[in-house]
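Here the structure is a predicted model, which is why all the values come from computation and not from measurement.
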Amino acid sequence: MLPREYNPKDIEQKWQKYWEKEQIYAFDSKSDKKPFVIDVPPPYASAGHLHVGHALHYTQFEIIARQKRMLGYNVHFAPCFDDNGLPTEKYVEQKLGISKKDVERSEFRKLCKEESKKVEGEYAEKVFKALGHSYDWKLLYTTISPEAQRISQISFLKLLAQGDCYRAEEPTLWCPYHQTALAQAEIEDIHRNTTLNHILFNTEDSKIEIATTRPELLPACVGIFVHPEDSRYTKLVGKKATVPLFGQKVPIMADEKVEKDFGTGIVMICTFGDKTDIEWWKKYHLPLKVCITNEGKMDKTTGKYEGMTIKEARKAVLADLKAEELLVKQEPLEQEIGTCWRCNTPIEFIVTKQFFIRTLAHKEALIKQARKINWHPDFYRKRFEDWTNNLSWDWCISRQRYYGVPIPVWYCKKCGEMILPDEQDLPLDPLETKPKTSCVCGSTEFIPEEDVFDTWMTSSMSPEIAVRWLEKPEHFEQLFPASLRPQAQDIIRTWAFYTILKAYLHFKSVPWQDIALGTYILDPKGKGMSKSKGNVVWADDLLKNYDVDTFRYWVGTAKWGSDVPFNEKDLVAGRKFLVKLWNASRFTLSHLENYTPKKPGLEPIDKWLLSKLNKVIKQSTENFKHYETSEAKQAAELFFWRDFCDNYLEIVKDRVYNPDKHEEKAIESAKYTLYISLLTTIKLMAPILPHITEEIYQSFFQQHEKTKSIHCSEWPEVKETFEEEEEAGDLLVEILSKVRQFKTEQKVSLKTQIELTLPKEQLEKLAPVLEDLKAVTRATKINEGNYEIKLQD
RNA sequence: GGGCCUGUAGUCUAGUGGCUAUGACGCCACCUUUACAUGGUGGAGAUCAAGAGUUCGAAUCUCUUUAGGCCCACCA
C-alpha cells in the first residue's frame, strides 16, 4: 500500500534503477511487433549543461516513445550525440586554451574525442537518465563514431559516382573568422547600420559618382553598371572608367538589374561584394581580381593596404579618397547582411575549390518528397517549400576545419587526378592512409585532401545511422524509412532539408513517415532564450527544486509546433496534480485490499463512470496519434479530477464505507469500477508521468496485471459506452452540484443532511441512480414535486 | 518586398459554425468532510485585437485594418 507522504525523489531513483536493470525499454530486433522508429536529434554534447528548452524538446518526443511502446510497437529509440564539427572544435579550443593551429591534426582530433566523451557521459546521466528518458542505451551512436563516419564517406562516394556530387572552383560563401566555406543554410541575416559612400570615378571625358558601402573593394573593381533605360547614363555605356586610388580601367555596361533609384543609379562590380557581382561576373565574363585573403585581410595586390582587416582598410581607403576630394557624400544606410550563423562575422565570397552536392537540380523532386511526409503541424511544410524554392547555391559540403569527418580523397601529385578509396576501406583519413593503387598516369605520389565534411553531411544520414544501414542491412530493410522525426523548427532548412535530400538521392525514398516540430521555449517576456541575452533557465537548476514528473507534467501541457513562454509558476499545477493523484490512489487502493479483479454485473452509476472513461480513452488515443500531447493529457486529467475524484469517489464512499447497507454484487461492481478507472487513469498518464504511475502500478496492480512495468503494459482499449446511464449520472452530478451550491450559500458543512424535492420527469430519469443520489447529497428523503432543497431541522 | 503563425478574464490557455465561452495560476467567501488544507465547495472577473461581410446563427469562415512573433528575399 502507498505511504501517506508522496516522496518523489525516492520513487524516481527506485524506478529508474529498476527500468535499467530490467531492460524495460530495450528494442527487440527479433520481435514480430510492428516497429516504430524515432529519428532522434543528436544533441551537441559540447553545450556543457542543458537549457530548459532542450529538456522540454527531448522530453516531448520521449513521451511519444512511451505511448507507442504501450500501444504495442517495437520502439526503436536510440540515444545519440553530435560530436563532430565546429562547436566541438571551438569548445575544445576554449576549454583547453589552445588553437587548432598549434597542434597536429591527429592530436587535436584526439583531444576533441576525449572531451566529447566526457561531456556525453555527464549529459547522459545528468540529463537524459535524470529526466527518466526511455532510451535503449545499447543503440547509442555518435556522429564521430567509425560507423557514422563510414556512412558519411560512403554517401559521398556514391553521390560522386552518380553525379550528384562534384568539385568546383567557384566563388563560395566564406566565413573569415572560422576560415572555412559555408553552405547557404549556415548564413544568418543580421540588420545593421552602415554608410553609403559616394565616390567619384573618372571616365574618358567626364566624372561619374558611384555609391558603395564597400569602398575597400575598389582594388577588386572589374566593371561598372547602369540601367539600360536610364537616360542620365546611356551615353556612358561602352566607355571605360578609371578606379580611383587603384587606377585600373574598367568597362561601363548596362544591365536591367540595376535599380535606377538606389544611390546614384550606378553600381560598381567587384570580385566579390555580393551575389549580384557573381552573377554579372559570370554573365559578362569579367576578369577575376581578388583583394581579400581567406583570413579576411587585404592581400598583396592592394599595395599599402596589404595586411589590413576589411574594417581597417575601409577606413583607410575612405580617408585617402577624402584627401583627394573623391569622396563627395556619405549617407547612413540600413541593411541586412549575411553573416556566419555561429560568429555573426559578415560573410565574404571567396573563390576556392570545394565539393558540392546538387540541390538546385532537385528542387521540384524534393518538394514532392516533402509532400509525402506528414508534417505536424502542417504549415511548416510551407516553410520547407519556400526555402527549397529560394535556394540559389548547391550544398557546399567541404569545410576547411580540423575536426569532422575527413573527405576521403587524394589527388595525384603529377596529373592532378582525383583518387578515391574502396568502400570497404572506409572510414579513413587520407592524411593518415595512402591509396592502395597508383594513379592512372602511373604516379605513386599523392596529395591528401585536408578538408572535412560539413557536419550536416553526417547528421543528414541520422535515420540510416540509427538503424545501422551498413552493419545490419536486414535491419535497415525493416526499419527504414523511420516512423518519426521530431525536431526543432529552426533547423528545417538544414537537418530536415538535408535528410530529405539524402534519402531521395540514395533511396528515392522519404526518410520518415512523420515529421513533428517541437515546442520552442521563450523567456517569461516572450523573448527567445539565449546565453548572450542572459535569460536562459537551466534544466539541471530547475530539477533541484522540482521533481521530474512535475517537470514532465509541464512538458505535457506544451503544444507541438508552437512557442511557449517559460513561467516557473506553471510548475505548481503539476505538483498539485501529482499530490492529488497520489491521494486518490491511496484512497482507492485502501478499499481494494485483497481484491482480485473479475468483471461483475455493473451498477448504473458505475456504468456512468466507465462510459465516460471509455470516451476519454478514445480521445486520448486519437490525440496521441496526432502528437497532441497536451490535449490527451487534458482529457485524462479532467476525467480524473472532475468525474473520478470530485464526483465518483464521493458517490462510491457509501458503498465502501457502509458495506452492510448494500448487496454483495453492488460492492463488487464498485470495486471493479475503482480498479479499472484508476488503472486506466495511470496508464493514460504513464507516458507523461512515468515515475508516479509506476509506483502506483507496482504497489498494487502489478500482481494482477503481471507485466513487469506499467511502461510495457497495454495501452487502454475503448470498450462499450452506456448512453442511458451516462444521462442519469450526468443529471445526478448536476443535482449534486446544486445541492453543494445550496449548502455553501447556507454556510453549512457539505455533510449536513437535507430533504430534496424533485420534479417527476427528473425522478424518472434518476430512478437507476436514486439511492446513490440520496447517499451522496445526504438527503434523508427525496420527494416528488416542485424542485426544492431544504435543510433538515 | 514576399510568405507563415499568433492576438480569448490580471497572467497563461482550451475551443475552427450552434446551449448561459474551457481549464489553470492569482483573487474573494464558506467548509476541521473518515484520500487529499500542497484540500474541498461556491463566487467575482472576457464588448473572444478592431471593422465589414457570409449565415437563421460567428471566438470559429471570408476580406480589410492593427499589434506581436517567425522564415525568406533585397542588400551598389
Exercise. Would you classify A:Arg192 as touching base, sugar-phosphate or nothing, given that sugar-phosphate means primed atoms plus P, OP1 and OP2, and contacts are heavy atoms under 4.0 Å?
Key: nothing
Quiz prompt | Interatomic distance at C1', B:G40 relative to B:U34, whole Å | solution = 15 Å
Practice problem: Using a cut-off of strictly less than 4.0 Å between a heavy atom of the residue and any atom of RNA chain B, enumerate the qualifying residues of residues 269-280 of chain A by number. | Solution: A:Asp274, A:Lys275, A:Thr276
Quiz item: Taking only residues two or more places apart in sequence, or in another chain, which ones meet A:Lys283 in a side-chain contact (heavy atoms from CB on, under 4.5 Å)?
Solution: A:Asp255
Practice problem: Mark yes when over 12 heavy atoms from residues, nucleotides or ligands other than A:Glu723 sit less than 6.0 Å from its CD; otherwise mark no. | Solution: yes
Quiz prompt | Inter-nucleotide P distance (B:U8, B:U47), Å rounded | solution = 11 Å
Quiz item: Roughly how far apart, to the nearest Å, are B:U32 and B:U22 at atom P?
Solution: 30 Å
Self-check item: Partner residues of A:Glu12 under the side-chain contact (heavy atoms from CB on, under 4.5 Å) criterion, sequence neighbours left out
Solution: A:Pro8, A:Lys9, A:Gln16, A:Asp547, A:Val548, A:His691
Quiz item: Is there a donor in the side chain of A:Thr629 and an acceptor in the side chain of A:Trp560, or the other way round, less than 3.5 Å apart?
Solution: yes
Self-check item: A:Ile692 CD1 to B:C36 P, straight-line distance once rounded to whole Å
Solution: 16 Å
Self-check item: Those residues that, when tested against A:Phe742, pass ring-ring contact (aromatic ring centres under 6.0 Å, His included) (two or more places apart)
Solution: none
Practice problem: Could I get the full list of ring-ring contact (aromatic ring centres under 6.0 Å, His included) partners for A:Phe225, not counting sequence neighbours? | Solution: A:Trp280, A:Tyr284
Exercise. Using the C1' atoms only, state how far B:U62 lies from B:U55, rounded to an integer number of Å.
Key: 12 Å
Quiz item: A:Val579 near the nucleic acid: base, sugar-phosphate alone, or nothing, with a heavy-atom cut-off under 4.0 Å?
Solution: base
Exercise. Could you pull out all residues at least two apart from A:Ala185 that satisfy side-chain contact (heavy atoms from CB on, under 4.5 Å)?
Key: A:Trp387, A:Arg493, A:Thr494, A:Tyr498
Self-check item: Sorted by number, the residues of residues 378-387 of chain A with heavy-atom contact under 4.0 Å to RNA chain B
Solution: A:Phe379, A:Lys382, A:Arg383, A:Asp386, A:Trp387
Quiz prompt | Check ion pair A:Lys671-A:Glu593 (N to O, under 4.0 angstrom) | solution = no
Quiz item: Aromatic rings A:Phe551 and A:Trp554: how do their planes relate, parallel, tilted or perpendicular, breaks at 30° and 60°?
Solution: tilted
Quiz item: Within less than 4.0 Å of OP1 or OP2 of B:U33, is there a side-chain N or O belonging to A:Gln753?
Solution: no
Exercise. Compare side-chain N and O positions of A:Lys576 against OP1 and OP2 of B:G39 and report whether any pair is under 4.0 Å apart.
Key: yes
Which atom pairs link the protein and nucleotides 40-43 of chain B when you take only N or O atoms and keep those under 3.5 Å?
unit_1, atom_1, unit_2, atom_2, d
B:G40, OP1, A:Lys580, NZ, 3.0
B:G40, OP1, A:Trp641, NE1, 3.0
B:U41, OP1, A:Asp646, OD1, 3.3
B:U41, OP1, A:Asp646, OD2, 3.1
B:U41, O2', A:Thr744, OG1, 2.8
B:G42, OP1, A:Ser737, OG, 3.4

Self-check item: Salt bridge A:Asp378-A:Arg381, side-chain N to carboxylate O under 4.0 Å
Solution: yes
Quiz item: Ring centres of A:Phe497 and A:Trp395 under 6.0 Å apart?
Solution: no
Self-check item: A:Phe225 vs A:Thr588, nearer the 5' end of RNA chain B by closest nucleotide
Solution: A:Thr588
Exercise. Look at all strands and tell whether A:Arg4 reaches a base, only sugar-phosphate, or nothing, counting heavy atoms closer than 4.0 Å.
Key: sugar-phosphate
Quiz prompt | Partners meeting ring-ring contact (aromatic ring centres under 6.0 Å, His included) with A:Phe201 (sequence neighbours left out) | solution = none
Quiz item: Hey, does A:Leu196 reach any base, or is it just sugar-phosphate, or nothing, if we go heavy atoms under 4.0 Å?
Solution: sugar-phosphate
Quiz item: Can you find a side-chain donor-acceptor pair between A:Thr339 and A:Asn344 that sits under 3.5 Å?
Solution: yes
Quiz item: Over how many whole Å does the gap from A:Trp393 atom CH2 to B:A73 atom P extend?
Solution: 12 Å
Self-check item: Touch class at under 4.0 angstrom, heavy-atom based, for A:Ala573 against every strand present
Solution: sugar-phosphate
Quiz item: Any side-chain donor paired with an acceptor under 3.5 Å for A:Asn647 and A:Asp643?
Solution: no
Exercise. Check the distance between B:C4's P and A:Asn390's CG and give it to me in whole angstrom.
Key: 13 Å
Quiz item: Which whole-number value in Å describes the distance from A:Glu188 CD to B:C71 P?
Solution: 8 Å
Quiz item: C1' atom, B:U66 versus B:A49: distance in rounded Å?
Solution: 8 Å
Practice problem: Would you mind reading off the distance between A:Leu571 atom CG and B:A24 atom C1', rounded to a whole angstrom? | Solution: 13 Å
Practice problem: Keeping the roles fixed (side chain from A:Asn7, backbone from A:Asp10), state whether a donor-acceptor pair exists under 3.5 Å. | Solution: no
Practice problem: Measure up the A:Tyr675 and A:Phe700 rings against each other and bin them: parallel (under 30°), tilted (30 to 60°), perpendicular (over 60°). | Solution: perpendicular
Self-check item: A:Gln619 CD - B:U22 P separation (whole Å)
Solution: 17 Å
Show me, pair by pair, the donor-acceptor contacts under 3.5 angstrom made by side chains of residues 186-196 of chain A, not counting sequence neighbours?
unit_1, atom_1, unit_2, atom_2, d
A:Glu186, OE1, A:Ala183, N, 2.8
A:Glu186, OE1, A:Arg399, NH2, 2.5
A:His191, ND1, A:Glu336, OE2, 2.5
A:His191, NE2, A:Glu334, OE1, 3.3
A:Arg192, NE, A:Gln335, OE1, 3.3
A:Arg192, NH2, A:Gln335, OE1, 3.4

Practice problem: Would you mind classifying the nucleic acid contact of A:Glu628 as base, sugar-phosphate or nothing, using non-hydrogen atoms under 4.0 angstrom? | Solution: nothing
Exercise. Would you kindly give the CZ-to-P distance between A:Phe640 and B:C36, to the nearest whole Å?
Key: 14 Å
Quiz item: Which stems does RNA chain B form, counting runs of 3 or more consecutive Watson-Crick or G-U wobble pairs with both distances under 3.5 Å?
Solution: B:1-7 with B:66-72, B:10-12 with B:23-25, B:27-31 with B:39-43, B:49-53 with B:61-65
Self-check item: Atom P, compared across B:G3 and B:A73: separation rounded to whole Å
Solution: 16 Å
Quiz item: What is the minimum heavy-atom distance between A:Arg4 and A:Asn583, and which atoms define it?
Solution: O-OD1, 4.5 Å
Practice problem: Classify the ring geometry between A:Trp641 and A:Phe577 as parallel (under 30°), tilted (30 to 60°) or perpendicular (over 60°). | Solution: tilted
Quiz prompt | Spacing between A:Glu259 atom CD and B:G1 atom P, to the nearest angstrom | solution = 13 Å
Quiz item: Expressed in whole Å, how much space separates the C1' atoms belonging to B:A46 and B:G23?
Solution: 14 Å
Exercise. Can you figure out which of B:U33, B:G23, B:U38 approaches the side chain of A:Leu638 most closely?
Key: B:G23
Self-check item: Same-atom distance (C1') from B:G53 to B:C70, integer angstrom
Solution: 30 Å
Exercise. Mark up nucleotides 8-19 of chain B, 5' to 3', with B wherever a protein heavy atom is under 4.0 angstrom from a base atom, S wherever such an atom reaches only the sugar-phosphate, and - elsewhere.
Key: ---B--SS----
